[in-house]
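See structure below.
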Amino acid sequence: MQAKLNCWATADRGRCFGDLFNLVHDPGFLTVAWERVAGNTGARTADVDRATVWYIAEQVGVEAFLAHIRTQLREGSFRPSPVLERKIPKAGGKLRSLGIPTVRDRVVQAALKLVMEPIFEADFEPVSYGFRPNRRAHDAIAEIYFYGTHGYRWVLDADIEACFDSIDHNALMGRLRKRIKDKKVLALVKSFLKSGVMTESGLRQGEFTGTPQGGILSPLLANIALSALDEHFAEQWNEWGQVEQERRKRKGLATWRIVRYADDFVVMANGTREDVEALRTKVLRRSWPL
């Protein structure tokens with residue numbers, strides 16, 4: 001089914017998919033989603049309801065657990081719980097905030113990802129490497145090395161501050177609607193965005209922007225939002241074409257390429273420092289879905 005979704009999305013870039021909710025609560029999709037969650041390194045982590053994958057498997061039973069989720073989804077009574085906030089140290093002494101969803105929510109997020117990812121993979125530009133199937137950081141490094149040895153010597157090395165916390169919900173939902181018209185799927189995604197956070201001090205906070213870093217669905221949603229950045233540079237590159245690219249190089253005019261891994265990216269320029277500075281200003285002034 002994933003292969004079919006990807007094939008349909010690739011064949012028709014304007015296709016808007018309906019009737020996806022049936023796949024989200026399909027027993028097969030939920031079973032695979034459970035296996036993904038149970039096999040994850042964070043499976044032993046407790047959440048706001050203190051349940052772990054082990055507890056559910058041993059005390060509740062996987063079949064009964066998934067059947068209950070399916071019933072809630074079909075009846076429209078499913079409501080995500082707030083994620084549990086955990087602070088982990090970053091390099092430089094700062095703290096990164098992670099949001100740990102309940103096991104139930106992780107399974108539903110995994111099912112959503114199984115359905116949504118093949119569709120949006122058809123649209124993602126090849127310059128993006130983070131949190132995508134069959135892509136890894138070493139591929140991004142190889143791409144940077146390739147450009148660096150082919151004249152792209154000036155580099156704008158950047159990241160997006162608090163990317164996961166800053167994603168604009170309305171802008172993100174707008175990009176989702178370009179490919180998904182199933183209102184139940186859109187409402188389910190939005191409910192996760194609005195589920196809020198249970199802080200370490202026990203206070204519940206609502207969320208007006210962002211998607212919790214630590215959720216299974218969050219990396220895909222971040223890539224959907226940040227694909228606007230990829231598309232901007234890819235559009236310019238494609239408009240030039242091979243002939244125009246070579247002409248610009250001969251005349252000493254700048255050309256550039258972008259390589260992105262999640263919220264870290266580099267723009268490599270075949271030109272001068274002034275060209276890179278101009279690119280930096282251009283990136284900062286653009287209105288991205290963040």
Side-chain angles (χ1 to χ4, degrees), residues 36-37 40-42 45 47-48 80-103 105-114 116-117 120-121 123-125 127-133 135-137 140 157-176 186 188-200 203-232 258-266 283-284 286-290:
R36 298 279 175 90
V37 171
N40 191 277
T41 54
T45 306
D47 44 59
V48 292
S81 301
V83 298
L84 181 63
E85 183 184 52
R86 284 287 180 265
K87 301 283 189 179
I88 62 171
K90 292 174 59 177
K94 295 183 179 180
L95 294 176
R96 182 194 305 273
S97 180
L98 294 182
I100 304 171
T102 65
V103 176
D105 291 354
R106 280 180 248 174
V107 170
V108 176
Q109 286 191 30
L112 273 171
K113 184 181 178 184
L114 287 170
M116 293 170 55
E117 188 172 60
F120 286 95
E121 271 293 318
D123 297 335
F124 289 158
E125 296 291 337
V127 300
S128 165
Y129 290 89
F131 305 114
R132 293 184 60 188
R135 286 171 169 252
R136 56 180 186 159
D157 182 11
D159 65 16
I160 299 172
E161 185 178 5
C163 172
F164 283 82
D165 299 332
S166 306
I167 293 174
D168 183 280
H169 290 172
N170 291 331
L172 173 60
M173 294 304 298
R175 292 186 72 82
L176 290 177
L186 293 171
L188 187 57
V189 173
K190 191 170 184 178
S191 70
F192 278 114
L193 292 173
K194 300 295 186 181
S195 61
V197 175
M198 186 68 72
T199 68
E200 292 183 324
L203 298 176
R204 180 167 180 171
Q205 297 178 344
E207 291 299 313
F208 302 100
T209 61
T211 178
Q213 191 167 355
I216 290 175
L217 193 60
S218 294
L220 175 60
L221 297 179
N223 269 335
I224 292 171
L226 291 174
S227 61
L229 177 67
D230 309 333
E231 290 164 5
H232 171 71
I258 185 173
V259 180
R260 183 175 65 81
Y261 190 94
D263 55 346
D264 294 293
F265 66 94
V266 297
V283 170
L284 286 172
R286 286 281 297 185
S287 178
W288 312 110
L290 298 165

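Residues: numbered from 1 along the sequence shown.
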State, to 0.1 Å, how close [X] and [Y] come at their nearest heavy-atom pair, and which atoms those are.
X	Y	result
G210	H169	O-NE2, 2.6 Å
R175	I224	NE-O, 2.9 Å
Q109	F192	NE2-CD2, 3.5 Å
A225	I167	CB-CG2, 4.2 Å
R136	Y261	C-CE1, 3.9 Å
D263	C163	CB-CB, 3.5 Å

Should [X] and [Y] count as side-chain neighbours, where that means a heavy-atom distance under 4.5 Å?
X	Y	value
S128	N223	yes
F124	L226	no
L221	L193	yes
L229	H232	no

Of V108, D105, T102, the one forming a side-chain contact (heavy atoms from CB on, under 4.5 Å) with P80 is D105
Paired with T211, the side chain to side chain donor-acceptor pair (under 3.5 Å) test is passed by just one of S166, S195, S218, namely S218
Give a yes or no on this: more than 12 heavy atoms of other residues, nucleotides or ligands lie within 6.0 Å of atom CZ of R36. no
Partner set under side-chain contact (heavy atoms from CB on, under 4.5 Å) for Q213, not counting sequence neighbours: R96, L98, F164
side-chain contact (heavy atoms from CB on, under 4.5 Å) filter on A110, not counting sequence neighbours, yields A33, V37, I216
Give, for atom [atom1] of [X] and atom [atom2] of [Y], the distance between the pair rounded to the nearest 0.5 Å.
X	Y	atom1	atom2	answer
R132	R260	CZ	CZ	8.0 Å
K190	N170	NZ	CG	6.5 Å
D230	D123	CG	CG	11.5 Å

If the condition is side-chain hydrogen bond (donor to acceptor under 3.5 Å, both in side chains), which residues does E125 pass it with, not counting sequence neighbours? none
